Amino acid sequence: MKIGFIGLGNMGAPMARNLVAAGHDVTGYDPHAPMPDGVIGAISAAGAAREAEVVITMLPNGEILRAVAAEVIPAMRKGAVLCDCSTVDVESARAVAGQAAAAGILALDAPVSGGVGGAAAGTLTFMVGGSAEAFEKVRPLFDIMGQKAVHCGPAGSGQAAKICNNMILGVTMIATCEAFALADKLGLDRQKMFDVVSTSSGQSWSMNAYCPAPGVGPKSPADNGYRPGFAAELMLKDLRLSQQAAESVDADTPMGQLATLLYQTFVESEGGRGMDFSAMLPRFEKRHRG
Ligand code: NAD
């Protein structure tokens, strides 16, 4: 397949590499990042999109996505698919889908979970919003870049699924970290805490698969000095998107709101920037009540 790939940063580059390795013809554009081996460089986003049957974007935010979409949609072939894999606000995803439809282009919002490791290994999960026709056209590419693709519904549904999932993740990570810090102060051994909670009703992915306590549970960023992994500032980005979405539909999300505030404080004034999001545990360890 002829593929245009726009945004070849930490996630985009390994995803594009996997498409090349599977034999696809990939033309890329990124104003800052180098072209991965096997990807043909274009001089503009429109240049990368012109001949493509599928254009994939992997960009920092909704504002940049809107700007890139405004440039590439007029350049794309009718019937081609614009597939955005970035994590952006639901409104931007829907706006881009609307513009694409008006120009005879199919569109998908297909954010991912699995991080840089999943992108390199080709084991991402895609949460996809858009028409069934567009989903079926891109499915073979999802199968190369990932291990699972869920068609969630119409435009915006992929982003909705992503931010709801990550709101749960932010909240459960904080709950897990504050419980570990409480357990410490109560004199409970961390390994015993893990043994009980990971097999009891307090279990979650944060505890069982990504335990924030070093030396306890499976290997995680806690065992690597809290180097990311999934950086606290990316968690904050996703939590902010969840709150923006909640605001737009008048949804009450008090836990998501508090998690956003805690990660904001952590990133902006408590040294959390550049740390894994599970470094909430050492943060709580140092703190007192009140
Ligand atoms: P990144 O900053 O490494 O890459 C983004 C790339 O987009 C950069 O190389 C940048 O030069 C490029 N870019 C910016 N403006 C552009 C433009 N106008 N045209 C073309 N390219 C442009 O970010 P990343 O970690 O690769 O994340 C990309 C997206 O994936 C984000 O939306 C992020 O939230 C999401 N995401 C990241 C992770 C992760 O663990 N890194 C996990 C899941 C989802």
Side-chain angles (χ1 to χ4, degrees), residues 3-18 26-36 39 41-49 52 55-73 75 82-93 96 108-128 142 145-149 158-159 161-167 169-170 173 205 210 220-221 227-242 244-245 263 267 273-278:
I3 299 166
F5 209 117
I6 300 168
L8 294 149
N10 292 321
M11 295 291 290
M15 290 164 72
R17 241 180 247 122
N18 285 333
V26 183
T27 303
Y29 175 71
D30 189 307
H32 304 297
M35 283 303 115
V39 175
I43 54 163
S44 66
V55 174
I56 299 175
T57 49
M58 196 49 169
L59 298 164
N61 58 49
E63 200 183 326
I64 294 175
L65 169 66
R66 284 180 193 241
V68 167
E71 184 188 337
V72 300
I73 288 171
L82 176 58
C83 176
D84 177 47
C85 294
S86 333
T87 304
V88 303
D89 55 292
V90 176
E91 238 170 90
S92 291
V96 165
L108 294 173
D109 51 293
V112 302
S113 130
V116 177
T123 55
L124 295 169
T125 295
F126 290 86
M127 303 151 232
V128 190
F142 293 143
M145 298 184 287
Q147 60 184 357
K148 190 168 185 179
Q159 297 296 349
K162 167 84 186 175
I163 57 174
C164 288
N165 180 73
N166 280 23
M167 187 172 81
L169 177 62
M173 180 54 81
W205 187 86
Y210 205 95
S220 70
R227 274 184 288 280
F230 184 45
E233 57 269 29
L234 288 179
M235 184 78 248
L236 176 59
K237 172 192 170 181
D238 293 357
L239 284 166
R240 282 181 167 146
L241 290 176
S242 77
Q244 190 182 336
Y263 273 106
V267 166
R273 189 178 296 280
M275 305 282 281
D276 188 73
F277 83 120
S278 62

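Order of appearance sets the numbers: ligands from 1, and atoms from 1 within every ligand. Note: hydrogens, waters and symmetry copies are ignored here, and every other heavy atom, side chains too, is used. Keep in mind it's a predicted model, so treat the numbers as computed, not measured.
For Leu59, a nitrogen or oxygen atom sits less than 3.5 Å from a nitrogen or oxygen atom of ligand 1, counting backbone and side chain alike. Among the atoms of Ile6, none of the N or O lies under 3.5 angstrom from an N or O of ligand 1. Considering backbone and side-chain atoms alike, Asn10 places an N or O below 3.5 Å from some N or O of ligand 1. Close N/O approach between Lys162 and ligand 1 is not found [any backbone or side-chain N/O within under 3.5 Å].
With a heavy-atom cut-off of 4.0 Å, Pro60 touches ligand 1 through backbone and side chain alike. Using a 4.0 Å cut-off between heavy atoms, Thr87 contacts ligand 1 through both its backbone and its side chain. Contacts with ligand 1 closer than 4.0 Å are made by side-chain heavy atoms of Leu234 only, the backbone lying farther away. With a 4.0 Å cut-off on non-hydrogen atoms, Val68 touches ligand 1 through its side chain and not its backbone.
Taking each of Met11, Met15, Met58 in turn, the one with a heavy atom nearest to atom 37 (C) of ligand 1 proves to be Met11.
A side-chain donor-acceptor contact under 3.5 Å links Glu233 to the backbone of Gly274.
Near Gly9, with a cut-off below 4.0 Å to any heavy atom, the atoms of ligand 1 are 3 (O), 4 (O), 6 (C), 9 (O), 26 (O). Interface of Gly7 with ligand 1, defined as ligand atoms under 4.0 Å from a residue heavy atom, comprises 7 (O), 21 (N). Under a 4.0 Å criterion applied to the non-hydrogen atoms of Ala33, ligand 1 contributes the atoms 9 (O). Numbered from 1 in the order shown, with element, the atoms of ligand 1 that lie under 4.0 Å from a heavy atom of Ser86 read 32 (O). The atoms of ligand 1 that sit less than 4.0 Å from any heavy atom of Gly115 are 40 (O), 42 (C).
For Ala45, the heavy-atom gap to ligand 1 stays at 4.0 angstrom or more.
Residue Phe277 holds its CZ atom at 8.0 Å from CG of Asn166, rounded to the nearest 0.5 Å. The distance from the CZ atom of Phe230 to the OG atom of Ser220 is 15.0 Å, given to the nearest 0.5 Å.
The residue from Ile6, Val112, Leu65, Asp84 that alone fulfils the side chain to side chain contact (heavy atoms under 4.5 Å, CB included) condition with Met58 is Val112. Leu59 pairs with exactly one of Val88, Ile64, Asp30 by the side chain to side chain contact (heavy atoms under 4.5 Å, CB included) rule, that one being Ile64.
The protein does not reach atom 2 (O) of ligand 1 closely, with no heavy atom under 4.0 angstrom from it. Distances from atom 30 (O) of ligand 1 to the protein include at least one heavy-atom value under 4.0 Å.
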